[in-house]
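What follows is a set of notes on a single structure, which appears directly below.
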Amino acid sequence: MSNFEQQLQALSTRALALDSLNTFAQRNAARRLLYCESEMLILSLEEAGEDSTPARALSNSLAIEPSPQAFSIVLPFLALEIPAFCVWMFGFAALLLMAIPLRWLHPALRKLGLHNNLLPIDLLQRFWAKGFLAIFGIRYEAQGEISPVSHITMFQHPSNLDPWLIVASSPEVHKWVGKQSLFMVPLMGWAARFVMGCLPLDRSDRGRAILSLKKLQLYLTVWNRSIAISPEGTREPHGQLTEFKKGPFYLHEDLRVPIVPVVLFGPHELWPRGQRLPTPGHVVVRYEPCWSPLSDMNRDQVRVELRKRMLKALTKDPPLDAGRALTFGERIWHLVVLLLVLAFGVSLAYVLYYIRTTFLREWSTPLLLGVLLAYTVAMQLLTYFSIYFPSVGSFWE
């Protein structure tokens, strides 16, 4: 029996003993450790030219266990969460669009001594994310420190909670890079593109990719911003750190800035793929030390090395309260937040009704709907074609 076969047999034996652990947090910590070791074994097998199929089968069986409360429905909270979510996501996004002129003030505010992360749009962006997490009762703890030097934050992506957690927990307000379809969502996508300055990146078209990279370089060099992107590309059902896509490392190769790896404990436990809404609970966001790859490393070497670092980070001092349910007091605060957001929604509806009956009372309902439809179509077209104009916003970011 070869050394590789002995390692695989030992890992398989330990995997069979997982069910004997008492709590789901202990089982998940053990799964992360086993997954890390099995993925390292796969890399060694591939480097040696050996068959890695049995090791991959073991890795795929080590899915993170959802919280015992996941998929459970608490009807009173659900009846409040859904309308509160709609109010916050679409209502606040509409207010953000009206706040676009604040972004034009950023250069003047910088000259007055106001730094990044304290600019008006930065504060609104963080407040939006914190509100989203509070609506669903997500309590988070941030660990580690982020370098003030411009960098690319590459984060693990086990859940839809991840971007919101990065925005809310990081002292650095990032510019996000994502697929174009995310920016086509009315109101939310428009706010992300034109208010927050997030950027769709399409590497299938080299010309457009170059224009987008120029804008990203502007963010990094002129405005001392940082960028956030997920190297996994999408969520996976098992919640473990999957193989990285090549796209983010083409980006890093072009920009050549340090990388901040981020791993998360709890998002998958609370919002696994296939569950419509998150379960309230606790999450830990861990920012690993800033890493500057050696200048002679190519993009594939950077990709493999970064994944090794993140796999090891997931096994280092795993928090045993990740995915833990809220206490009674935290549940009460969650209820208060929901009621406050709904009160904000009622106030917003009253303001819209007042505007309609006071300033637009001469407008017929079909005319008003036609104007709204024309505005929606115009914004969708502007969002779609905005990737062709990387210089838009260059002077007032």
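This chain uses plain numbering: 1 for the first residue, then up along the sequence.
- A donor-acceptor distance shorter than 3.5 angstrom exists from the side chain of Thr357 to the backbone of Tyr354, with no hydrogens or angles considered.
- Donor-acceptor pairing under 3.5 Å is lacking for the side chains of Arg273 and Asn160.
- In this model, no donor atom of one side chain and acceptor atom of the other lie less than 3.5 Å apart for Tyr287 and Thr153.
- To the nearest 0.5 angstrom, Trp333 atom CH2 is 15.0 Å from Phe328 atom CZ.
- Heavy atoms only, all atoms of each residue included: Ala134 and His334 are closest at O-CD2, 3.4 Å.
- Residue-environment remark: CD (Glu145) stays at or below the threshold of 12 foreign heavy atoms within 6.0 Å.
- Taking each heavy atom of Leu165 and Val283 in turn, the nearest pair found is CD1-CG1, 3.6 Å.
- For Ser59 against Ser38, the heavy-atom pair with the smallest separation is OG-OG, 2.6 Å.
- The backbone N or O of Thr242 sits less than 3.5 Å from a side-chain atom of Arg307, completing a donor-acceptor pair.
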* To do: Take Arg32 and Ile64 through the test side-chain contact (heavy atoms from CB on, under 4.5 Å) and record every step on the way to the result.
  => CA-CA 8 Å; Arg32 288 189 174 98; Ile64 295 297; 3.8 Å; yes
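- Among all heavy-atom pairs drawn from Pro272 and Pro66, the shortest one is CG-CB, 4.2 Å.
- Between the side chain of Asp162 and the main chain of Ser159, a donor-acceptor pair closer than 3.5 Å is present.
- The aromatic rings of Phe136 and Trp271 are tilted relative to each other, their planes meeting at an angle between 30° and 60°.
- Residues Leu11 and Arg14 meet the side-chain proximity criterion, which asks for heavy atoms closer than 4.5 Å.
- The hydrophobic cluster containing Val149 does not contain Tyr219, counting ILVMFWY residues as joined when their side-chain heavy atoms lie under 4.5 angstrom apart, directly or transitively.
- Of the possible polar contacts, one joining the Ser150 side chain to the Arg225 backbone as a donor-acceptor pair under 3.5 Å is found.
- Side chain of Gln156 to main chain of Leu264: a donor-acceptor pair is present (N/O by atom type, distance under 3.5 Å, no hydrogens or angles).
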* To do: Could you check Cys36 against Leu314 for side-chain contact (heavy atoms from CB on, under 4.5 Å), going step by step and ending with a plain yes or no?
  => CA-CA 8 Å; Cys36 173; Leu314 285 164; over 6 Å; no
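- Judged by distance alone, with hydrogens and angles left aside, the side-chain atoms of Arg193 form no donor-acceptor pair with the main-chain N or O of Trp190 at under 3.5 Å.
- Although no hydrogens or angles enter the test, the distance criterion places no donor-acceptor pair under 3.5 Å between the side chain of Arg286 and the main chain of Gln143.
- For the pair Arg103 and Phe194, the NZ or CZ position fails the cation-pi test of under 6.0 Å to the six-membered ring centre and within 45 degrees of the ring normal.
- One finds the CD atom of Glu172 at 9.0 Å from the CG atom of Asp122 (value rounded to the nearest 0.5 Å).
- Across all non-hydrogen atoms, the minimal contact from Pro231 to Phe155 is CD-O, 3.4 Å.
- Using a 4.5 Å heavy-atom cutoff, the side chains of Val173 and Leu119 are not in contact.
- Looking only at side-chain heavy atoms (C-beta outward), Met154 and Phe249 come within less than 4.5 Å of each other.
- Glu269 places no side-chain N or O within donor-acceptor distance of the main-chain N or O of His282, the cut-off being under 3.5 Å.
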* Hey, mind stepping through Val195 and Leu97 against side-chain contact (heavy atoms from CB on, under 4.5 Å) and telling me if it holds? -> CA-CA 6 Å; Val195 184; Leu97 287 171; 4.0 Å; yes
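- Note on Phe132: it clusters hydrophobically with Val341, by side-chain heavy-atom contacts below 4.5 Å among ILVMFWY residues.
- Atoms CE and NE2, on Met297 and His252 in that order, are 9.0 Å from each other to the nearest 0.5 Å.
- Proximity of Leu8 to Leu45: side-chain heavy atoms (C-beta onward) are nowhere separated by under 4.5 Å.
- Looking at Ile166 and Trp176, their side chains come closer than 4.5 Å, going by heavy atoms from C-beta outward.
- Here the side chains of Trp223 and His106 are not in contact, with every heavy-atom distance at 4.5 Å or above.
- Ion pairing between a basic and an acidic side chain is recognised when a charged N comes within 4.0 Å of a carboxylate O; Lys246 and Glu253 show no such pairing.
- The shortest side-chain heavy-atom distance between Arg356 and Thr365 falls under the 4.5 Å cut-off.
- Val177 and Leu255 end up in the same hydrophobic cluster when Ile, Leu, Val, Met, Phe, Trp and Tyr side chains are linked at under 4.5 Å.
- Checked by atom type and distance alone, the side chain of Arg31 pairs as donor or acceptor with a backbone atom of Ala63 at under 3.5 Å.
- Distance CG/Leu241 to CD/Glu232: 4.5 Å, rounded to 0.5 Å.
- Rounded to the nearest 0.5 Å, atoms CE (Met379) and OG1 (Thr376) are 9.0 Å apart.
- Under the 4.5 Å side-chain contact rule for hydrophobic residues, Leu382 and Met196 share a cluster.
- Note: Phe92 and Trp128 have parallel aromatic rings, judged against thresholds of 30 and 60 degrees for the angle between ring planes.
- Note on ring orientation: taking the six-membered ring where Trp is involved, the planes of His151 and His174 are perpendicular (angle over 60°, cut-offs 30° and 60°).
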* Take Ile82 and Leu78 through the test side-chain contact (heavy atoms from CB on, under 4.5 Å) and record every step on the way to the result. => CA-CA 6 Å; Ile82 293 176; Leu78 191 63; 4.1 Å; yes
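- Classification of Glu288 and Lys312 as a salt-bridged pair fails, no side-chain N sitting under 4.0 Å from a carboxylate O.
- With hydrogens and angles disregarded, a donor-acceptor distance shorter than 3.5 Å links the side chain of Arg126 to the backbone of Pro171.
- Expressed to the nearest 0.5 Å, how far CD1 of Ile135 lies from CD of Glu81 amounts to 9.0 Å.
- Residues Val371 and Leu187 do not share a hydrophobic cluster, clusters being chains of Ile/Leu/Val/Met/Phe/Trp/Tyr side chains in contact below 4.5 Å.
- Within the 4.5 Å cutoff, no side-chain heavy atoms of Lys175 are placed close to those of Leu199.
- Between the side chains of Lys245 and Tyr250, no donor-acceptor pair is found at a separation under 3.5 Å.
- Residues Val87 and Gly345 share a closest heavy-atom pair of CG1-CA, 3.5 Å.
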